[in-house]
Peer 1: 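Before I ask anything, let me first share the structure, which is written out below as structure tokens.
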There are 2 protein chains.
Amino acid sequence: MNAPEPRFARVAALIADASRARMLALLLGGEARSAGELARAVSITPQTASTHLAQLLDAGLVTLRAQGRHRYFTLADADVARMLEALASVAERDEVQTRWDTARFKPLKYARSCYCHLAGDLGVQQHDALIAQRVLVSDDAGALVLGEAASDWLHAARFSGEAVLSVRHAAKKKRFAYGCMDWSARRDHLAGAFASTLLTHYLDRGWLRKTSTHRALAPTPSGVGEFSRLFAAAFRQ
Amino acid sequence: MNAPEPRFARVAALIADASRARMLALLLGGEARSAGELARAVSITPQTASTHLAQLLDAGLVTLRAQGRHRYFTLADADVARMLEALASVAERDEVQTRWDTARFKPLKYARSCYCHLAGDLGVQQHDALIAQRVLVSDDAGALVLGEAASDWLHAARFSGEAVLSVRHAAKKKRFAYGCMDWSARRDHLAGAFASTLLTHYLDRGWLRKTSTHRALAPTPSGVGEFSRLFAAAFRQ
DNA sequence: CCAATGATTCGGTCTGGGTCGAAGTGCCTG
DNA sequence: CAGGCACTTCGACCCAGACCGAATCATTGG
């Protein structure tokens, strides 16, 4: 009769603290951050941050890479990012319409990094376009795999021949591509290894650039053109 | 520079408390529960439960239906269920393999209700089978819609003619069917309005029955036969 | 080998929030 | 109308855990 305490309560408790939540929100940007950097960003002393990070590490929400006397933290994996986005999607619900339309949040709504893939309206467009153009198709199990139009599209997106091969190789792995609920658009954007590769590519080609402080990503003039060409099929909406 | 406190921290705080988490876990079963019932289930006094439920209600995690002097609570919507499952999927990670194989948890892993659809191994089989048989197919935007084999399958599943029509009508709505990460199987099971209809149908036909205390669902002898027939395509693995 | 810097550990303080007893409100039944 | 039941509100208590000061460890550079 007596329900046992669910394990998710413990994870929720880790996210519940304002300082830890702000650290996690920063890490959602995808980049590794040192302990001190995180402490300063959320205005707490290094020793407090240290205890917080130890807890996040212990629970497996973040991973650690020590480099000299710095310790760099990143989100553990895409599952953690998905969980945070799911929380945000419930937390933001009704606020979305009003808040997102302010000038301050518009860039964030248009495009941002989520862990290490593209989110926001542009991420949703990417998701819809790649499926509509059959670059990605559902296999028998409902997972997304490369479709018949994949090679053409990758070529059009200026992937090199060897890069295409490496994508094709990665496509065999689990978690290659899947939908992830976008909390501002409230529709799926594209997540997974393929989505990471694409975002890296966009940044490398200079179609997107990171903005100073936030997770927001701004398209460059050349990027605007490329995206409207590559995602043309999704622009019908 | 100073990162604002993310709104999801507030939601996480609501789930972080052991008593509230246990209530939410109970409500994940999909059935409405009265305040007193929830209080007894988690071993707290009615007045404590009342403050908890008021908070959950205020945050929109649960909804309320007052009936006489009883107040019945249910999970607010499928987004909340998805969020809880995402949390659980991170929280359970490594435990899954060991814990689920104990006799105590096996029924839960095999089939359980998630909000108001079918989860667990059977839920994953359903998801995979309906897609493999093209009862459900992805549309241009990646959402699942009824496919060319839908009518035949519904007929085979003993849906009446008018029930088939009502399903076809419901198929136009948003959130008709979509994948939802299953935290025990770690693959997608089927969620959405269609999934709810199917679970209700299985219960009505006596193919599944609710077990006493948990969210676990047990297949009846006739259910075993029906499921192996209806989900045949997924039994390859 | 000695600062200087990044990070952790320890000990003590303090507050937010969960808890229950007691009392109050509303609804249903006899 | 009276009594009972489901639930809520109020007040007081108490404790887990966030926080910081001080000290310690580790790495780098001079």
Side-chain angles (χ1 to χ4, degrees), chain A residues 2-27 31-59 61-74 91, chain B residues 2-27 31-59 61-74 91:
Chain A
N2 227 323
E5 175 173 358
R7 305 205 169 222
F8 62 69
R10 188 175 156 65
V11 175
L14 288 173
I15 307 169
D17 177 75
S19 301
R20 284 191 299 258
R22 286 155 75 186
M23 292 183 181
L24 289 170
L26 271 182
L27 293 176
E31 289 164 0
R33 310 262 185 172
S34 72
E37 208 173 350
L38 289 167
R40 261 167 304 174
V42 305
S43 309
I44 53 179
T45 59
Q47 59 267 37
T48 304
S50 180
T51 62
H52 283 317
L53 290 168
Q55 291 177 68
L56 293 175
L57 197 59
D58 183 60
L61 294 196
V62 301
T63 54
L64 171 62
R65 199 184 37 169
Q67 260 183 23
R69 53 187 169 189
H70 296 268
R71 305 185 67 189
Y72 287 97
F73 294 88
T74 50
Chain B
N2 225 322
E5 174 174 358
R7 305 205 171 223
F8 61 69
R10 171 99 52 190
V11 176
L14 288 172
I15 309 170
D17 176 76
S19 301
R20 283 190 299 258
R22 287 155 75 186
M23 291 182 180
L24 289 170
L26 270 181
L27 293 177
E31 290 164 359
R33 309 260 186 175
S34 72
E37 209 175 348
L38 288 167
R40 263 170 281 128
V42 304
S43 307
I44 54 179
T45 59
Q47 61 265 35
T48 304
S50 179
T51 64
H52 284 317
L53 291 168
Q55 292 177 68
L56 294 176
L57 197 59
D58 183 59
L61 294 194
V62 301
T63 54
L64 171 63
R65 199 183 36 171
Q67 260 183 22
R69 51 187 172 190
H70 295 269
R71 304 185 68 189
Y72 287 97
F73 293 87
T74 50

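These numbers were taken from a predicted model, which means no experiment stands behind them. Every chain is numbered from 1, with letters handed out A, B, ... down the list of sequences.
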Peer 1: Which of these nucleotides, C/dA4, C/dA7, C/dG18, is closest to any side-chain atom of B/Asp17?
Peer 2: C/dG18
Peer 1: Minimum heavy-atom separation for A/His70 and A/Ser34, please, with both atom names.
Peer 2: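 Distance-wise, the nearest heavy atoms are ND1-CB, 4.4 Å.
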Peer 1: Taking the side chain as every heavy atom from C-beta outward, state whether A/Leu24 and A/Ile15 have any pair of such atoms under 4.5 Å apart.
Peer 2: yes
Peer 1: Could you state the CZ-C1' distance from A/Arg71 to C/dT9, rounded to the nearest angstrom?
Peer 2: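 One finds 13 Å between C1' of C/dT9 and CZ of A/Arg71, rounded.
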Peer 1: State, to 0.1 Å, how close B/Pro6 and A/Ala25 come at their nearest heavy-atom pair, and which atoms those are.
Peer 2: CG-CB, 3.8 Å
Peer 1: How many Å lie between CG on B/Leu14 and P on C/dG16, as a whole number?
Peer 2: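 Rounded to the whole Å, the gap is 17 Å.
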Peer 1: For B/His70 and C/dT25, give me the distance from atom NE2 to atom C1', rounded to whole Å.
Peer 2: 16 Å
Peer 1: Could you give the CZ-to-P distance, from B/Arg10 to C/dG16, as a whole number of Å?
Peer 2: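 Spelled out: CZ on B/Arg10 to P on C/dG16 is 13 Å.
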Peer 1: Bend across the helix from C/dC1-D/dG30 to C/dC27-D/dG4, to 10°, with axes taken over 5 pairs at each end?
Peer 2: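 One end's axis against the other's: 30°.
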Peer 1: Any idea which heavy atoms bring B/Ala16 and A/Ala16 closest together, and the distance?
Peer 2: CB-CB, 4.2 Å
Peer 1: Any non-hydrogen side-chain atom of A/Arg20 less than 4.5 Å from a side-chain atom of A/Val42?
Peer 2: no
Peer 1: Any residue in residues 44-55 of chain B with a heavy atom nearer than 4.0 angstrom to DNA chain D? Just list them by number, or reply none.
Peer 2: B/Pro46, B/Gln47, B/Ser50
Peer 1: If you walk 5' to 3' along DNA chain D, what is the first nucleotide with an atom under 4.0 Å of a heavy atom in chain B, and what is the last?
Peer 2: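 From 5' to 3', the first and last contacting nucleotides are D/dG4 to D/dT9.
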Peer 1: If you compare all heavy atoms of A/Leu56 against all heavy atoms of A/Leu14, which two are closest, and at what distance to 0.1 Å?
Peer 2: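 Closest heavy-atom pair between A/Leu56 and A/Leu14: CD2-CB, 4.2 Å.
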Peer 1: Check B/Phe73 against B/Ala35 and note the closest heavy-atom contact, atom names and distance.
Peer 2: CE1-CB, 3.9 Å
Peer 1: Does the side chain of A/Arg65 come within less than 4.5 Å of A/Thr74's, by heavy atoms?
Peer 2: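 Contact flag for A/Thr74/A/Arg65 side chains = no.
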Peer 1: Roughly, in whole Å, what's the span from CG in B/Leu56 to C1' in C/dG17?
Peer 2: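 In whole Å, C/dG17 C1' lies 14 Å from B/Leu56 CG.
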Peer 1: Just how far, in rounded Å, is P of C/dG16 from CZ of B/Arg20?
Peer 2: 16 Å
